[in-house]
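Written below as structure tokens is the structure these notes are about.
The figures here come from the full heavy-atom set of this structure, side chains too, leaving out hydrogens, waters and symmetry mates.
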Amino acid sequence: MSNQVVDRKCITPYQWNQGCFGWHLLADPKLSVIEEEVAPGAGEVLHIHHQAQQFFYVLSGVATIITASQDFHLKQGQGVAITPETPHQLKNNGTEVLRFLVISSPPTKNDRENICAGSN
């Protein structure tokens, strides 16, 4: 998929949790770029990636990213890198839909271990 214009409107979204959707903007063996939307009150469970480093960048809304050492509250135009082996969880505690990019290297497919099986 090199040297091609990517248009989210032409990409079929996938749902990954109640009120959460993603669009694979780039799916390369070494790099993944996904735009995601998370409804207010929704999020993901605490998990870890053993190999992938991730960078979360907020397009709109407010993201809460929880780690063992710190909670990050990211607004539009802000981002944070999460290193491999760092347990983390993303939530939308705000009142509007959260839109963000998550960039992973290498991609997280087959590199995710849930730490808590509870809901959101």
Can you name the side chain to side chain contact (heavy atoms under 4.5 Å, CB included) partners of Pro87, sequence neighbours left out?
Leu46, Ile48, Ile115
Reported OG-to-CZ distance for the pair Ser60 and Arg99, which is rounded to 0.5 angstrom
4.5 Å
Glu36: salt bridge (Lys or Arg N to Asp or Glu O under 4.0 Å) partners, not counting sequence neighbours:
none
Lys109: partners by side chain to side chain contact (heavy atoms under 4.5 Å, CB included), with sequence neighbours left out
none
Would you mind listing the cluster partners of Phe56? Hydrophobic ones only (ILVMFWY), side-chain contacts under 4.5 Å, chaining allowed.
Tyr14, Trp16, Ile34, Val38, Val58, Ile65, Phe72, Leu74, Val80, Ile82, Leu90, Leu98, Phe100, Val102
Measure the CD1-NZ distance between Ile11 and Lys9 for me, rounded to the nearest 0.5 Å.
11.5 Å
Taking only residues two or more places apart in sequence or in another chain, which ones pass side chain to side chain contact (heavy atoms under 4.5 Å, CB included) with Pro40?
Asn92, Val97
Would His24 and Arg8 satisfy side chain to side chain contact (heavy atoms under 4.5 Å, CB included), going step by step from the backbone distance to the final call?
CA-CA 8 Å; His24 281 278; Arg8 187 183 100 154; over 6 Å; no
Who passes side chain to side chain contact (heavy atoms under 4.5 Å, CB included) against Gln51, sequence neighbours left out?
Pro106, Asp111
Note, Ile103 side chain near Leu31 side chain (heavy atom, < 4.5 Å)
yes
Tell me whether the rings of Phe21 and Trp23 are parallel (<30°), tilted (30 to 60°) or perpendicular (>60°).
tilted
Going by side-chain hydrogen bond (donor to acceptor under 3.5 Å, both in side chains), name the residues that satisfy it together with Thr86, two or more places apart in sequence or in a different chain.
Thr83
Ala27 backbone acceptor or donor facing Ser32 side chain under 3.5 Å:
no
Does any part of the side chain of Ser105, heavy atoms only, come nearer than 4.5 Å to the side chain of Gln53, both counted from C-beta?
no
Listed by chain and number, what are the side-chain hydrogen bond (donor to acceptor under 3.5 Å, both in side chains) partners of Ser104, not counting sequence neighbours?
Gln54
Would you tell me whether His73 and Thr64 have side-chain atoms, one donor and one acceptor, within less than 3.5 Å of each other?
yes
Drop me the distance from Arg112's CZ to His49's NE2, to the nearest 0.5 angstrom.
6.0 Å
Glu44 vs Lys91 side-chain heavy atoms within contact, under 4.5 Å:
no
By the salt bridge (charged side-chain N to carboxylate O under 4.0 Å, His left out) test, which pairs, at least two apart or in different chains, include something from residues 69-86?
none
For Glu113, which residues count as a side-chain hydrogen bond (donor to acceptor under 3.5 Å, both in side chains) partner, sequence neighbours excluded?
His50
What's the shortest heavy-atom distance between Pro107 and Pro29, and which atoms?
CD-O, 3.3 Å
Does Gln15 have any side-chain hydrogen bond (donor to acceptor under 3.5 Å, both in side chains) partners at least two apart in sequence or in another chain, and if so, which?
none
